[in-house]
Structure formats: structure tokens, C-alpha cells
Amino acid sequence: MKPNAQIIITIYLLFFLVACSPLKEAKEQADSLPEIYPDYTSAAIPCNIAPLNFGVEGVQHIQAAFSVEGDRQLVVKGKADVQIPLKKWRKLLDAAKGKQLEVTVSVWDDNHPDGLRYQPFTLYVAPEPIDSHIAYRLIEPGYEGWNVMGIYQRDLTSFEEKAIATNRKDKTRCMNCHEFNHYSPREFLFHVRGEGGGTALYDGNTIRKIAFDRQPPYINASLPAWHPRGRYIAFASSTSRQVFFSEGEQALEAFSTRGDLMIYDRQTNRLLTDERFVGERAWEDFPAWSADGKFLYFCVARPQELPQAYKQVRYNLCRVGFDEQTGQLQAKVDTLYDADKQGGSVVFPTESPDGRYLLYTKSAYGSFPIFWHNEARLEMIRLTDGQQVDTSVWDSERSESYHAWSSNSRWVLISSRRVDGNYTRVFIAYMDEVGRLYKPFMLPQRKPKDDVLRLKSYNLPKFVQGEVTLPRGQLDALFFSTARTKR
């Protein structure tokens, strides 16, 4: 063996032994829990989630001991943070499935040269797994720009992140509103804005472009919602605007103008409209199907003079029946949340796949709660009896916004600005079979502060049951080569 190879192997073995072997026990005992980042204390986690690496600010050495029912299973140490080996973590989660995982953190620094051991905290390892992937758009947190952005996917069982589609080849393009057919990585769509743009629909083999503005009613579509059986896709058509403030703490307000509902029939390649939900009499937005496909949820507001009356825009939550045979919306429209009577404005209705719960976001007014709406909160209705569910454990003191259910109805992705108020990050929350809610935790990263250093917001996170792979050449030919040729 060559000397260099021997040195490398020796260094690797020493690192492995130091990282995974126990230190001597800390001599001091604290009366408090450790202040770790991210804060995972008392959270419920999936039995297949990536390692929950964390750190403690300002320490020189850190150790974390993981125990299940009093049996110490794993000890990991580091300098400023704990980075848990993936294979050992998976073995640990298997042992802790359906049980409490106890974590004891000890630190060494100038104030505690002999070590300080904190009170242990617990993690509940839920027996239900989480969908393997999520997809999201990475974008600047406000109006600063979108010239470098894209739709990405993350493997939740590891730290692997891959691009699905980006605008690197043409930075005049904006991509948004990605949506999957019943969590499938092989059937989904997203919008490409700009000259020659449209909706990209991928069927598992090919990508085709749908130009909604070239067929009646000749308007663009956004915010898609895929019917549970895949034939129909509901869309809203609204225009987003921003108003900037010269004084005060709020820098800007984003709002939608107009708003129509449409249903695209994949079988006939036609847009189906209902005169009740198209026009300027009301602003409809945020369509979402019930789990059984028999109802279409949507939000509706009375038109206001914008931007002057932006604080008067309040959305009700409504539901209308749907006939799958004809593709038509039925006559009766139910109002599930009346903003005039109950206060505030409701957006983003999402029904759990098991049909038991309806989750939505409520703010004081408007349709973009993520922008300087610290009052925005998640609320939920139990559909079996119409009662409100206490979601306070999922909420924070800062803006809560978009959310998405996992395929087994046990996990929820939450778009939140709770960390610093500026950047939207992904949190994962658990609800057990009997409807008990648990404290959310932030999307795990390989290095605990990766999300702090990433100056991007996570937009519209959605669960996917597998990795998405697009035929790259088709996407470029449909959208990006056209734009380059025209210029």
C-alpha cells in the first residue's frame, strides 16, 4: 500500500472513531433543555426521515446520546454541531419506531471545560412513514428578482436535492405552480411564464405545451388542482400585483386582481367554464378538490378598488358539487367560511386524502399571507362533524402560508417565516390517527445552518412519491429554444 493511501485511511479511521465513540461524561448538570438549532425538541418525526443534524451556538465540542426505552443506541459528537451518520440513524429510527427517542446533549466550552449535560429532550418517532420526496420552487423572498430560480426536489430520506426545471438557459422566464397527479412523479405540470410560454404537462413519457390563452375564454391559467382520478385539472385565472410603501414596517403588499375558475379536460383537450365563476362580478381563486372528487373548493371575494382598498379584500371559503361524467359544476354552492361574519380572509383550502380534515390559511385580509402578515395562521375543520380543530401547536408568531398533505394524511408541509420573518422555510408537522397534533420541525439539512445561508425562499412545497425525471430535450425545445429564436 502506498504511504499516502495509508495516511488517508488512518485519518479516516481516526475521524470515524472520534465522531461515533462516546466522550467522557460531562461533570456539570443543567436544569434546562439545550438551545439547539434547528429546534427539534418535543417534535414528532417520521420513521424514514433524514438525520436531524443540529448545533449549539458558541460551544467548542458537543455530544448527543440517543436512547430508546433507557437503552443507549448511538452517541455522536462534533465541534459546533452534530452530524449523524445516515446508516446509523436509520437503524436508530427502526428501533424507535412508535416510541419516544430520548436525546441527551452535552457541551464543552470555556465556561464549562469539564462539560455541561443538559436535561434530555424527546422525539416521538411516528410509525407512519412520510412520502419520499417533496418538490418546491426556490426564489427570492419578495420582489428582489426571479432571474435565477427553478423548481427543485428533495429526497426526505436523505439530503439529496436535484433540479426538476430551472431558468438557467433563459433568465427571462418564470416557472411556478407545479402540481402532481395524486403524488405521482410521472404525471405533473407547471407553468412557464414569458414569451412563448404556457403550461408544461408531463405524462410520464412526453412533455406537451398547453396554451390556455389560445382557446376560449382566452385567459391564462394558474394554481392547478388535479382531480383525484386524473382526467380533470381545475385552474384559477388571476393577476398578481404588488404595491410598495414609502413608510412603516410593511415594505409591500401583494394582491390578486380579478379571478376566474376553469376546468381542463385532458381527454378532450378543452377548457370547461361556468358563467357563474367567470367574469368581474366576483374574484374566485385557489381551487382544490375534495378527496373523493365530488366537490371543488374555492375562495371568493367581492371586487375592490385596488390598490387603494387592498385591506378590504376578504376571501370566503366555498364548495360546489362536481359531476365527473359531464365535467360540470353543480347548482348548489356552500359557504364553509364567511369572512364577513367570521372575520379575516381565507386562502389555500386543502382536504386531507382520507377526507377527514380541511386545512386552510387565515389572515386579516388579502390573498398573499406570506408577505408581512404575521397574523396569518393555519386553521382546520374536521369534516366528519364540522368542528374547528385547535391548530395552535402548528402555528407561530409569524406568517404561516401554503401547506400540503402527505399521501397517508399523517404529515403536513407548512410554508412558514417563523425563523426570521424574511425567508419562507419548510416545516413538517404530524397528526396521528385520532387527530392529535404535534410540534412541527424544520426540514432537516446536512449542515444545521444550511437554510440560514441559503438566501432563497421555499415556495409551494408539495409531496411526491418518488424522484421526478424530465426529458430535458423536450422541455428546452418547447419553451427555451423558442424564446432564443424569437430574440
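The structure displayed is predicted, hence computed values, not measured ones. The figures that follow rest on heavy atoms only: side chains count, while hydrogens, waters and symmetry mates do not.
With ring centers used as reference points, Tyr136 lies 6.0 Å or more from His178. The aromatic ring centroids of Phe322 and Phe295 lie 6.0 Å or more from each other. Checked against a 6.0 Å centroid threshold, the rings of His403 and Tyr360 do not count as neighbours. Aromatic pair Tyr124/Tyr438: ring centres closer than 6.0 Å. The distance between the ring centers of Phe180 and Phe463 does not fall below 6.0 angstrom.
Between Pro224 and His191 the shortest heavy-atom distance is CD-NE2, 4.0 Å. For the residue pair Leu296 and Ala234, the shortest heavy atom distance occurs at CD1-CB, 3.9 Å. Of all the heavy atoms in Ser407 and Pro353, the pair that sits closest is O-CB, 3.7 Å. When all heavy atoms of Ile381 and Val389 are compared, the pair lying nearest together is C-CG2, 4.4 Å. Smallest separation of non-hydrogen atoms from Pro129 and Trp411: O-NE1, 3.3 Å. Smallest separation of non-hydrogen atoms from Asn48 and Thr157: O-CG2, 3.2 Å.
Heavy-atom neighbours of Lys439 NZ from other residues, nucleotides or ligands within 6.0 Å: above the threshold of 12. Other residues, nucleotides and ligands contribute more than 12 heavy atoms inside 6.0 Å of the CZ atom of Arg276. Annotation for Glu397: atom CD does not count as buried by contact number, only 12 or fewer foreign heavy atoms lying within 6.0 Å. Residue-environment remark: CD (Gln388) exceeds the threshold of 12 foreign heavy atoms within 6.0 Å. Other residues, nucleotides and ligands place no more than 12 heavy atoms under 6.0 Å from the CZ atom of Arg302.
In this structure, Ile207 and Leu478 have side chains that are in contact, with non-hydrogen atoms separated by less than 4.5 Å. Using a 4.5 Å cut-off on side-chain heavy atoms (C-beta onward), Val103 and Thr122 make no contact. Contact annotation: the side chain of Leu358 never approaches that of Thr350 to less than 4.5 Å [non-hydrogen atoms, C-beta and beyond]. Counting heavy atoms from C-beta on, the side chains of Thr166 and Tyr152 come closer than 4.5 Å. A heavy-atom distance below 4.5 Å is found between the side chains of Cys299 and Pro349. At least one side-chain heavy atom of Ile45 sits less than 4.5 Å from a side-chain heavy atom of Leu93. Inter-residue side-chain proximity for Tyr40 and Leu123 is flagged as met; some heavy-atom pair is nearer than 4.5 Å.
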Start with the C-alpha distance between Ile428 and Phe441, add both sets of side-chain angles, then the distance that settles side-chain contact (heavy atoms from CB on, under 4.5 Å), and finish with yes or no.
CA-CA 5 Å; Ile428 302 173; Phe441 64 96; 3.8 Å; yes
Under the salt bridge (charged side-chain N to carboxylate O under 4.0 Å, His left out) criterion, do Glu179 and Lys462 qualify, and how do the steps go?
CA-CA 8 Å; Glu179 182 64 26; Lys462 297 175 185 290; 2.8 Å; yes
Would Arg154 and Glu160 count as a salt bridge (charged side-chain N to carboxylate O under 4.0 Å, His left out) here? Give the steps.
CA-CA 6 Å; Arg154 162 71 187 272; Glu160 186 177 50; over 6 Å; no
With salt bridge (charged side-chain N to carboxylate O under 4.0 Å, His left out) as the criterion, how do Arg319 and Asp334 come out once you've worked through the C-alpha distance, each side chain's angles and the decisive distance to 0.1 Å?
CA-CA 5 Å; Arg319 183 180 72 173; Asp334 298 314; 3.7 Å; yes
For Asn53 and Trp89, what are the C-alpha separation, side-chain angles and deciding distance, and is it a side-chain contact (heavy atoms from CB on, under 4.5 Å)?
CA-CA 10 Å; Asn53 296 336; Trp89 174 253; over 6 Å; no
Might you work through the side-chain contact (heavy atoms from CB on, under 4.5 Å) test for Ile164 and Gln153, ending with a clear yes or no?
CA-CA 7 Å; Ile164 296 176; Gln153 58 189 327; 3.9 Å; yes
Candidate pair Ile414 and Glu400, rule side-chain contact (heavy atoms from CB on, under 4.5 Å), full reasoning
CA-CA 7 Å; Ile414 301 173; Glu400 313 296 350; 3.7 Å; yes
Given Thr268 and Asp265, is the side-chain hydrogen bond (donor to acceptor under 3.5 Å, both in side chains) satisfied, shown in steps?
CA-CA 6 Å; Thr268 63; Asp265 185 346; 3.3 Å; yes
Run the salt bridge (charged side-chain N to carboxylate O under 4.0 Å, His left out) test on Arg281 and Glu275 for me, step by step, so that the C-alpha distance in whole Å, both residues' side-chain angles and the decisive distance to 0.1 Å come before the verdict.
CA-CA 10 Å; Arg281 291 168 296 181; Glu275 62 179 9; over 6 Å; no
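Asn316 places no side-chain N or O within 3.5 Å of a backbone atom of Asp338 that could act as its donor or acceptor partner. When atom types are taken as modelled, the side chain of Ser457 and the backbone of Thr424 share a donor-acceptor pair closer than 3.5 angstrom. Using modelled atom types, no side-chain atom of Asp131 and backbone atom of His133 make a donor-acceptor pair closer than 3.5 Å. The closest donor-acceptor contact from the side chain of Gln387 to the backbone of Arg382 lies at 3.5 Å or more, if one exists at all. Ser363 places a side-chain N or O within donor-acceptor distance of the main-chain N or O of Tyr365, the cut-off being under 3.5 Å. Side chain of Ser345 to main chain of Ala364: no donor-acceptor pair is present (N/O by atom type, distance under 3.5 Å, no hydrogens or angles). Counting only distance, with no hydrogens or angles, the side chain of Thr41 and the backbone of Phe121 share no donor-acceptor pair below 3.5 Å. Arg377 contributes a side-chain N or O that, together with a main-chain N or O of Ser396, makes up a donor-acceptor pair within less than 3.5 Å. Looking only at distances, no side-chain donor or acceptor of Asn181 sits under 3.5 Å from a matching main-chain atom of Ser184. Here the side chain of Tyr202 pairs a donor or acceptor atom with the backbone of Thr469 at under 3.5 angstrom.
For the residue pair Ser416 / Arg418, a side-chain donor-acceptor distance below 3.5 Å is found, with atom types taken as modelled. Side chain to side chain, Ser399 and His373 fail the donor-acceptor criterion of an N or O pair below 3.5 Å. A side-chain donor-acceptor contact under 3.5 Å links Tyr264 and Asn269. With no hydrogens or angles considered, a side-chain donor-acceptor pair links Asp292 and Ser290 at under 3.5 Å. Side-chain contact, Glu351 with Tyr297: a donor N or O sits under 3.5 Å from an acceptor N or O. Looking only at atom types and distance, the side chain of Gln445 has no donor-acceptor partner in the side chain of Asp450 under 3.5 Å away.
Taking SG of Cys47 as the reference point, atom NZ of Lys99 lies at 13.0 Å (rounded to 0.5 Å). Here the CG-CE distance, from Leu272 to Met262, works out to 10.5 Å after rounding to the nearest 0.5 Å.
With Phe298 as reference, Val333 is the one residue of Val333, Asp285, Leu317 to meet the side-chain contact (heavy atoms from CB on, under 4.5 Å) rule.
Annotation: cation-pi geometry satisfied between Lys209 and Phe479 (NZ/CZ under 6.0 angstrom from ring centroid, within 45° of ring axis). The cationic group of Arg137 does not satisfy the cation-pi geometry with Tyr458, failing either the under 6.0 Å distance to the six-membered ring centre or the 45° limit from the ring axis.
Ring geometry for Tyr315 versus Phe286: interplanar angle over 60°, hence perpendicular rather than tilted (30 to 60°). Ring geometry, Trp405 versus Tyr357: the interplanar angle falls under 30°, so the pair is classed parallel (tilted spans 30 to 60°).
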